[in-house]
Amino acid sequence: MSYHGAVTVGGRPDVRELAHLMITKVAVGPYDNNAYLLRCRATDEQLLIDAAADAPTLLETIGDELATVVTTHRHQDHWNALAEVVAATRARTAAGEFDAEAIPVRTDLLLADGDTLTVGQCALTVRHLVGHTPGAIVLIYDDPEGHPHVFTGDCLFPGGVGNTWNDPEAFDSLYRDVTTKLFDVLPDESWVYPGHGKDTTLGAERPHLAEWRERGW
């Protein structure tokens, strides 16, 4: 079956097979968080995006070895299982340089806007988006044989940007960063993998940007 990305807590993961990268999406925890396991098909090296909750499920999904765990931002529902996953796998930890201090597991690799993070032979570009938190990051895999794949944490969802708690300045910042660093530079086919819920594409969301700007959330 083709990848659909509609996963549920307690249900089966969904797997997307790209030419060079395998993407496994699994839902965990009371807030329906998504965790994404990326595996390089050439080397079998693995990287986990957000050890959000339910370490046993994540460790079962990971299997034998894990090289890196990336935490997209500082909110607790995205790192509840981080300590347990790191203890079991000895994986290095990575997070945005401006959110790492608020994550209670030591961050081995501080990530800045424009950095490149690798999983085996596959490269991920780091983009820093400010507004949901001060140091939230997005990871972009630009598939050399297809379209980009964008792991957005809580910065972009189907229907809008992430929560900015009715703070106009935070919304303006997040809207600007999402627009300039994602929509303005990536094609409509770019697939969006959010921190909660179903996936989307930039093309599906692009027609609504002005509406988001007008409503302020």
Q.
Test of understanding: with side-chain contact (heavy atoms from CB on, under 4.5 Å), list the residues that count as partners of V185, not counting sequence neighbours.
A. none
Q: Applying side chain to side chain contact (heavy atoms under 4.5 Å, CB included), run through T71 and D50 and close with a yes or a no.
A: CA-CA 5 Å; T71 303; D50 283 344; 4.0 Å; yes
Q: Decide yes or no on side chain to side chain contact (heavy atoms under 4.5 Å, CB included) for V26 and V7, but give the supporting numbers first.
A: CA-CA 6 Å; V26 60; V7 296; 6.0 Å; no
Q) Would you find a donor on one side and an acceptor on the other, under 3.5 Å apart, between the side chain of D14 and the backbone of H4? A) yes
Q: Mind checking the CG-OH spacing from L18 to Y141? Nearest 0.5 Å is all I need.
A: 6.0 Å
Q: With sequence neighbours excluded, tell me which residues meet side-chain hydrogen bond (donor to acceptor under 3.5 Å, both in side chains) with R90.
A: none
Q. Side chain of T201, backbone of A204: donor and acceptor closer than 3.5 Å?
A. yes
**Q.** Partners meeting side-chain hydrogen bond (donor to acceptor under 3.5 Å, both in side chains) with R213 (sequence neighbours left out)
**A.** D172
Q: Side-chain contact test, heavy atoms from C-beta onward, threshold under 4.5 Å: evaluate it for P158 versus E205 and give yes or no.
A: yes
Q.
Within the 4.5 Å heavy-atom criterion, are V192 and L182 side-chain neighbours or not?
A. no
Q. Heavy atoms, side chains only, cut-off 4.5 Å: are V105 and V69 in contact?
A. no
Q.
Could you tell me if the side chain of Q46 sits less than 4.5 Å from the side chain of R39, heavy atoms only?
A. yes
Q. More than 12 heavy atoms of other residues, nucleotides or ligands under 6.0 Å from CZ of F183: is that the case?
A. yes
Q: Could you tell me which residues satisfy side-chain contact (heavy atoms from CB on, under 4.5 Å) with E45, sequence neighbours excluded, listed by chain and number?
A: T43, A67, V119
(Q) Using side-chain heavy atoms (C-beta onward) and a distance below 4.5 Å, is D115 in contact with L117? (A) no
Q: Evaluate the side chain to side chain contact (heavy atoms under 4.5 Å, CB included) criterion for residues I137 and D99: first the C-alpha distance (whole Å), next the side-chain angles of each, then the deciding distance (0.1 Å), finally the verdict.
A: CA-CA 9 Å; I137 56 170; D99 267 7; over 6 Å; no
Q. Passes side chain to side chain contact (heavy atoms under 4.5 Å, CB included), L38 versus L124? Steps please.
A. CA-CA 11 Å; L38 279 51; L124 307 171; 4.0 Å; yes
**Q.** Nearest-0.5 Å distance, CD1 of residue I103 to CD of residue Q76
**A.** 11.5 Å
Q: List for me each residue that meets side-chain hydrogen bond (donor to acceptor under 3.5 Å, both in side chains) alongside D54, sequence neighbours excluded, and say none if there are none.
A: T57
(Q) Let me check something: do V161 and V150 share a hydrophobic cluster, defined by ILVMFWY side-chain heavy atoms less than 4.5 Å apart, either directly or through other members? (A) yes
Q: Scan residues 187-197 for pairs that pass side chain to side chain donor-acceptor pair (under 3.5 Å), counting only residues two or more places apart or in two chains.
A: R16-Y193, D77-H196, H78-H196, H149-Y193, D154-H196, D188-R206, W191-D199
**Q.** Verify same cluster id: L156, L209 (apolar side-chain graph, 4.5 Å)
**A.** yes
Q.
Surrounding CG of N166 (heavy atoms of other residues, nucleotides or ligands, distance under 6.0 Å), is the total greater than 12?
A. no
Q: Write down the atom of L48, the atom of A35, and the distance for their closest heavy-atom approach.
A: CD1-CB, 4.3 Å
Q) Is there a side-chain contact between H132 and W165, using heavy atoms and a 4.5 Å cut-off? A) yes
Q. Between T152 (side chain) and V138 (backbone), is there a donor-acceptor pair under 3.5 Å?
A. no
Q: Identify the two heavy atoms, one from S173 and one from V130, that lie closest to each other, and give their separation to 0.1 Å.
A: OG-O, 2.8 Å
Q | side-chain contact (heavy atoms from CB on, under 4.5 Å) partners for T24, two or more places apart | A | P13, V15, L37, T61
Q: Answer whether the closest heavy-atom distance between the side chains of T89 and L59 falls below 4.5 Å.
A: yes
Q: Tell me, please, which residues at least two apart from Y175 pass side-chain hydrogen bond (donor to acceptor under 3.5 Å, both in side chains).
A: none
**Q.** Nearest heavy atoms of P194 and F157, plus distance in Å
**A.** CB-CD2, 3.6 Å
Q) Listed by chain and number, what are the side-chain contact (heavy atoms from CB on, under 4.5 Å) partners of E101, not counting sequence neighbours? A) R74
**Q.** Path from F151 to L21 over hydrophobic side-chain contacts below 4.5 Å
**A.** yes
Q: Tell me whether L109 is reachable from L139 by hopping between hydrophobic residues (I, L, V, M, F, W, Y) whose side-chain heavy atoms are closer than 4.5 Å.
A: yes
Q) If two hydrophobic side chains count as joined below 4.5 Å and joins carry through other members, does I140 share a cluster with L129? A) yes
Q: Can you run down the ring-ring contact (aromatic ring centres under 6.0 Å, His included) pairs that involve residues 197-217, sequence neighbours left out, and say none if there aren't any?
A: none
Q | Considering all heavy atoms, the nearest D142-P148 contact | A | OD1-CG, 3.7 Å
Q: Evaluate whether atom CD of E169 has more than 12 neighbouring non-hydrogen atoms of other residues, nucleotides or ligands under 6.0 angstrom away.
A: no
Q | Interatomic spacing from OH in Y36 to CG in L47 - rounded to 0.5 Å | A | 13.5 Å
Q) Got a second to check how far I49's CD1 is from T68's OG1, nearest 0.5 Å? A) 10.5 Å
Q. Do any pairs count as a side chain to side chain donor-acceptor pair (under 3.5 Å) and have a residue in residues 121-130, sequence neighbours left out, and if so which ones?
A. D113-R127
Q: Give, for atom OG1 of T107 and atom CG of L82, the distance between the pair rounded to the nearest 0.5 Å.
A: 8.0 Å
Q) Which atom names give the shortest non-hydrogen contact between V86 and A91, and what distance separates them? A) CG1-O, 3.7 Å
Q: Heavy atoms only: give me the nearest N34-G197 pair and the separation to one decimal.
A: ND2-O, 2.9 Å
(Q) Nearest 0.5 Å, please: how far is OG1 in T133 from NE2 in H73? (A) 6.0 Å
Q: Scan for salt bridge (charged side-chain N to carboxylate O under 4.0 Å, His left out) pairs involving residues 64-73, sequence neighbours excluded, and state none if there are none.
A: none
